[in-house]
Amino acid sequence: MTKIKITTTQHIDIEYELASVFDRILAWLVDFMIIIGYLLVAMSIVQSVNPDADRGAMALVALPIFFYHLVMEWMFNGRSVGKMALRLRVIRLDGSPPNVGNYLMRWIFRLLETNPALFYGIVAIGSVAISEKGQRIGDMLAGTTVIRTQRKVGIQDTIFARTGSDYEPVFPAVAGMNDRDAGTVKDVLRMYRRERDPKLLNICANRVCHVLEIVPPKAMTSEQFLRHVLRDYSHLN
């Protein structure tokens, strides 16, 4: 299991599990089957409506598949249907969310790396296999990679924490946070539950206190403080 350490915009190091070559091939196969299915259905409909449809009409119907990966990753936060099925996601190496330019760069080089003239993806597979960060050429130029995400997603895996209607926020200043900040806090707490390393927990708590100018009670541990921060953020937003 290969991991990569990403430094977030809050200057906190988070470890993610890299998607393996096998994961990415399976995700590609799922997407490929969806593309083929779309082509078969769309062309059947066109021929049933107009049996004399020319190649231009067929090419127009096939046009959406050309932009499939670009549009899917842009609209669904770095995930195509195949990546969703395999619980994979595109992230940037600097910890910030990928933008349209990143997805565009990955898409342009996907067209080259999976070109039949280049051995049907062998270039991409080889690049991912030997790259320390699991990157194909498009990823290297876009500054991205592909990671595995949680296998089960529930409220415990979101930035939100349960609070009752009568809940009173302990630290109202957390209203100045955004979803990305809260997500980082959630990731840190998740890593602490898994690795029981208090160092990352303390760094995150100190950073939140510094940015939001919060002074927690001396008896409150870093873990308790960050859990209060998440509950307060959920309640205030």
Side-chain angles (χ1 to χ4, degrees), residues 1-21 23-24 27-28 69-80 82-84 86-113 123-124 126-150 153 157-159 174 176-192 194-195 197 199-212 222 226 229-230 233 237:
M1 181 175 63
T2 306
K3 292 186 176 181
I4 186 172
K5 184 177 289 186
I6 301 293
T7 301
T8 70
T9 52
Q10 293 79 28
H11 305 292
I12 297 171
D13 292 334
I14 302 291
E15 279 191 343
Y16 295 101
E17 184 180 349
L18 284 172
S20 67
V21 174
D23 290 331
R24 294 180 70 161
W28 179 85
H69 287 282
L70 174 62
V71 173
M72 290 296 295
E73 290 184 356
W74 176 41
M75 292 183 62
F76 294 99
N77 191 27
R79 297 174 297 169
S80 62
K83 288 186 177 66
M84 292 179 196
L86 273 293
R87 307 295 197 274
L88 308 180
R89 182 164 61 89
V90 177
I91 64 168
R92 278 177 57 158
L93 296 179
D94 64 3
S96 60
N99 55 40
V100 177
N102 300 131
Y103 294 135
L104 184 62
M105 183 66 72
R106 296 185 82 253
W107 173 74
I108 290 172
F109 277 84
R110 177 189 295 278
L111 298 178
L112 299 174
E113 293 176 76
V123 172
S127 177
V128 172
I130 65 176
S131 169
E132 181 182 349
K133 298 175 181 178
Q135 298 169 291
R136 58 180 177 82
I137 297 172
D139 284 314
M140 294 176 187
L141 295 173
T144 60
T145 189
V146 179
I147 61 166
R148 288 180 176 177
T149 60
Q150 290 292 101
V153 178
D157 299 306
T158 71
I159 62 173
V174 302
M177 295 171 59
N178 57 39
D179 285 354
R180 186 166 57 191
D181 298 329
T184 298
V185 172
K186 189 74 174 181
D187 285 341
V188 168
L189 285 169
R190 185 183 297 118
M191 288 182 64
Y192 177 71
R194 185 174 66 247
E195 301 177 7
D197 181 0
K199 182 179 178 181
L200 182 61
L201 204 67
N202 294 334
I203 292 173
C204 182
N206 290 336
R207 181 66 180 171
V208 172
C209 288
H210 174 73
V211 172
L212 299 180
S222 294
L226 293 178
V229 165
L230 278 184
Y233 181 80
N237 289 274

Please test R79 against L88 for side-chain contact (heavy atoms from CB on, under 4.5 Å), starting from the C-alpha separation and ending with a verdict.
CA-CA 7 Å; R79 297 174 297 169; L88 308 180; over 6 Å; no
Steps toward side chain to side chain donor-acceptor pair (under 3.5 Å) verdict (N202, S222)
CA-CA 6 Å; N202 294 334; S222 294; 2.7 Å; yes
The test is side-chain contact (heavy atoms from CB on, under 4.5 Å); show your working for L226 and L230 and say whether it passes.
CA-CA 6 Å; L226 293 178; L230 278 184; over 6 Å; no
Passes side-chain contact (heavy atoms from CB on, under 4.5 Å), S127 versus Q135? Steps please.
CA-CA 6 Å; S127 177; Q135 298 169 291; 5.5 Å; no
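For W107, the ring-ring contact (aromatic ring centres under 6.0 Å, His included) test picks out F66, F67, with sequence neighbours left out.
Distance alone, capped at 3.5 Å, places no donor-acceptor pair between the S80 side chain and the H69 backbone. With hydrogens and angles ignored, the 3.5 Å screen pairs no side-chain donor or acceptor of Y16 with any backbone N or O of R148. For the pair N102 (side chain) and N99 (backbone), a donor-acceptor distance under 3.5 Å is present.
Here the side chains of T144 and M105 are not in contact, with every heavy-atom distance at 4.5 Å or above. Residues L18 and V146 are not in side-chain contact: their nearest non-hydrogen atoms beyond the backbone lie 4.5 Å or more apart. By the 4.5 Å heavy-atom criterion applied to side chains, D181 and V185 are not counted as neighbours. The closest side-chain heavy-atom distance from L189 to L201 is below 4.5 Å. Using a 4.5 Å heavy-atom threshold, the side chains of R24 and R136 count as touching. Within the 4.5 Å cutoff, the side chain of L70 has no heavy atoms near those of the R110 side chain. Contact of the P98 side chain with the E73 side chain is not registered, since no non-hydrogen atoms from C-beta on lie closer than 4.5 Å.
Atom OH of residue Y192 and atom NZ of residue K199 lie 15.0 Å apart, to the nearest 0.5 angstrom. Of the inter-residue distances, the one linking N178 atom CG with Y233 atom OH reads 6.0 Å to the nearest 0.5 angstrom. Taken from CD1 in I4 to CD in E132, the straight-line distance is 8.0 Å, to the nearest 0.5 Å. Here R207 contributes atom CZ and L212 contributes atom CG; the two are 10.0 Å apart, rounded to the nearest 0.5 Å. Distance check: I108 CD1 to I137 CD1 gives 14.0 Å after rounding to the nearest 0.5 Å.
Taking each heavy atom of Y103 and N77 in turn, the nearest pair found is OH-C, 3.6 Å.
Donor-acceptor pairing under 3.5 Å is lacking for the side chains of D187 and T184.
A salt bridge does not link R92 to D139: none of the charged nitrogens lies less than 4.0 Å from a carboxylate oxygen. In summary, E113 and R106 do not engage in a salt bridge, as defined by a charged side-chain N under 4.0 Å from a carboxylate O.
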